[in-house]
2 protein chains.
Amino acid sequence: MDPAPRRPSMADVASRAGVSYQTVSRVLNEPGIVRPDTRTRVQQAITELGYTRNRAARALKTTRSSLIGMLTDGSALFGPAETTTAIESAAREAGYSVLLTTVGAHDDCEREIGAELLGSGADGVLVVAAHEGMVPAVAAVARSTPVVAVSAQAPRAPGVEVVGVDQQLGALQVIEHLARTGARSVVHAAGPQDWFDARARLEGFEHAVELHGLDGTVVGPGDWTPRAGYDLANDLVREGLPDAIFAANDMMAIGVLHALHEHRLRIPEDVAVVGFDNTLGAEFQVPSLTTVSQPFADLGRLALQRLLCLLEGHELPPGTPSTLPPRLVVRRSTRPERTH
Amino acid sequence: MDPAPRRPSMADVASRAGVSYQTVSRVLNEPGIVRPDTRTRVQQAITELGYTRNRAARALKTTRSSLIGMLTDGSALFGPAETTTAIESAAREAGYSVLLTTVGAHDDCEREIGAELLGSGADGVLVVAAHEGMVPAVAAVARSTPVVAVSAQAPRAPGVEVVGVDQQLGALQVIEHLARTGARSVVHAAGPQDWFDARARLEGFEHAVELHGLDGTVVGPGDWTPRAGYDLANDLVREGLPDAIFAANDMMAIGVLHALHEHRLRIPEDVAVVGFDNTLGAEFQVPSLTTVSQPFADLGRLALQRLLCLLEGHELPPGTPSTLPPRLVVRRSTRPERTH
DNA sequence: TGCTTCAATGTGAACGTTACCATTCGGGGC
DNA sequence: GCCCCGAATGGTAACGTTCACATTGAAGCA
């Protein structure tokens, strides 16, 4: 093995460029105040040596790690993967790196995750797919670190800002569409109620159903998976079908479709089906799935922007929303609206 | 604002426990050599103050960051999300945190990403969904940092170890199954050829088809999305259908199914369809999708294990595989095998 | 008792950077 | 020609840890 080929430090760059390491630091941090020819000399030395700043030393001295912790449920990576990606690239652009912490949905994660996040030294934390089990950990972290949650209504812990898509509005759009297309009875195949999003969708469903005088029933809760939708739909087939089934997410809707097909039911003629999320495959289900599209990427960027404001102390641009509207995407799994 | 409520340091813990900071360090790093009563005193002080080690200082002194960089394609989070999750939790268990770096499939990512990874100070790097565009960046990183790639055959850059699922074997299993169920002509709807996995599946297809004397054709390449599968299948319907269509991944297979349904073709009677990945929704497509299941979670753990060996210099347990076998999952989108 | 020995703990220095203050140097105003 | 000023750069200290070594104290043994 090589005798520890130590990465070059500022001192190495400095001696190569014939300046002091302080000048190197200045070239990196406030290039404006160093004379152009010195600056280019230093920059050349930097590229020649392949120098990169030692992150640890920098963090130690500045007490800022340039790290953002991202706490997310493992299973959630399937759905809002776009949020994750958007956050990461926006963070990179702002000079931060993203520290990923996943948590199993059913982990007893309070102690461990909280400690992990705290110990990670992140400047701020983003909670991406929020469920009840995360709340204690998040609350603990929030006492010493800025936290922004991407969530329906949020881990209402003190110090936690929330950015989200209006899930209730999404549910309302679904119900209105179903009402307009002639549905009288609607069943909501609910998601796991320890997830904030699932709860918000359920509440939205109940309000909307009442508002429109529909016959609304809730079954479940399921666990976001196709199998849950499949099982719930089979139960419904046995016990009597409504005009429409509104699944808590696309995966459950896929399971619902499958069960209905097995029973040779026609969609949407016998039953209409609606999902939520507009995930990648939704458009190509059979029939293509009417669903609610969430602006996952915008959401990620928005959350990061908010966190950066918290971290760097500047104001949020006025008019920045904290809630984004979802968008109903009508496809073939529901009856067409009359286009008189 | 509070006047910078500095987090407690070892010195704070030490003075509270009435020992020197060195003793605190020892309690944390080699508890065995400090007297039990001192140890408990220190530990109590630690919990009372909510002390956590300053990661930056530790990294600075030890020249190890306890960070593992994970480079992945953004779109890949949809598929092998399990790999990501498995890696993260295994890493946490081993005392490492995961730094996430995503890259758009079509980014001109060479310079930027390479610099990012290098500058991140990660002790090692894991490349999760490998495509051609990553190679320069990965090669650059590999010169100064251990790199393990999770990939078919890999960015063959010097110093990059590879762990993967045997994609060719998967393709072979598919073709054998199709041959046994009476298919004579098979079309492969290929994936993007700058992805190593896609290329391996294509090659596996070609070998297997020749081996079994089938009439094999390749169409595409597609871009992993359902729409690509949909478009390719529509072309096929127009130009003449084979007995079976083998899509490069499940998403493309979903698009294929959709197109076939639109043309009122029966699956598998008129055309059989096979996917790859066994993603969450595959079982509940209509009909349920025959596909190749990849042990994503095992793969993630394996990759991390390899990287840790590289990092910490110990030997890989003998008999540890570097290639995992996939498993064909036969469902209803292909004809049943004769069970004589 | 006096010496060695070892276990337990303390002290000093260093990791690579940035904040702060000191120094140098050339030029403009009197 | 003197002083002062500001621009450019250099030097020193400190962030919180860990490593290597120094110190302490009690036990073991002649």
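Just so it is clear: chains get the letters A, B, ... in the order the sequence lines come, proteins before strands, and each one is counted from 1.
Judged by distance alone, the side chains of B:Arg55 and B:Ser97 do bring a donor and an acceptor atom under 3.5 Å apart. Side-chain contact of B:Arg7 with B:Thr52: a donor-acceptor pair under 3.5 Å is present, judged by distance alone.
One can place OH of A:Tyr21 at 14 Å from P of C:dA19, the figure rounded to the nearest angstrom. Atom-to-atom, CZ of B:Arg26 to P of C:dT11 comes out at 11 Å; the value is rounded to the nearest Å. Rounded to whole angstrom, the span from the CG atom of A:Asp37 across to the C1' atom of D:dT9 amounts to 12 Å. The distance between atom CE of A:Met10 and atom C1' of D:dG10, rounded to the nearest whole Å, is 14 Å. A straight line from OH of A:Tyr51 to C1' of C:dG16 spans 7 Å, rounded to a whole angstrom. Here C:dT18 presents its C1' atom at 11 Å from CG of A:Leu28, a figure rounded to the nearest Å. Taking atom CD1 of B:Ile33 as the reference point, atom C1' of C:dG10 lies 12 Å away to the nearest angstrom. Counting to the nearest Å, the P atom of C:dT18 and the CD atom of A:Glu30 are 10 Å from each other.
A donor and an acceptor atom sit less than 3.5 Å apart, one in the side chain of B:Gln22 and one in the base of C:dT11. A:Arg55 contributes no side-chain N or O that forms a donor-acceptor pair with the base of C:dG16 under 3.5 Å.
Regarding contacts with the backbone of D:dT9, a side-chain N or O of A:Thr38 is found under 4.0 angstrom from either OP1 or OP2. Put simply, A:Asn29 has a side-chain N or O that comes within less than 4.0 Å of OP1 or OP2 on C:dT18. In this structure, A:Thr23 reaches the D:dG10 phosphate: one of its side-chain N or O atoms is under 4.0 Å from OP1 or OP2. Dashed line: the shortest gap from a side-chain N or O of B:Arg35 to OP1 or OP2 of C:dA7 is not under 4.0 Å.
Minimum atom distance to the side chain of A:Arg58 is reached by C:dT18, of the listed C:dT9, C:dT18, D:dT17. Side-chain atoms of B:Arg53 lie closest to D:dT17 of the nucleotides D:dG16, D:dT17, D:dT9. Between C:dT9, D:dG10, D:dC15, one nucleotide has an atom nearer to the side chain of B:Val34 than all others, and that is C:dT9.
Judged by distance alone, with hydrogens and angles left aside, the side-chain atoms of B:Asp123 form no donor-acceptor pair with the main-chain N or O of B:Ile68 at under 3.5 Å. Listed for the A:Thr145 side chain is no donor-acceptor partner under 3.5 Å among the backbone atoms of A:Ala142. In this structure, A:Arg39 contributes its side chain and A:Val27 its backbone to no donor-acceptor pair below 3.5 Å. Without hydrogens or angle criteria, B:Glu82 side chain to B:Phe296 main chain gives no donor-acceptor distance under 3.5 Å.
Nucleic acid contact for A:Ser9: sugar-phosphate only, since backbone atoms but no base atoms lie under 4.0 Å from a heavy atom of the residue. When heavy atoms are screened at a 4.0 angstrom cut-off, B:Thr63 is found touching no nucleic acid atom at all.
When each of A:Lys61 and A:Arg41 is assigned the nucleotide of DNA chain D bearing its nearest heavy atom, the one mapping closer to the 5' terminus is A:Arg41. Toward the 5′ end of DNA chain C lies the nearest nucleotide of B:Val19, the other residue of the pair B:Val19 and B:Ala57 mapping further downstream.
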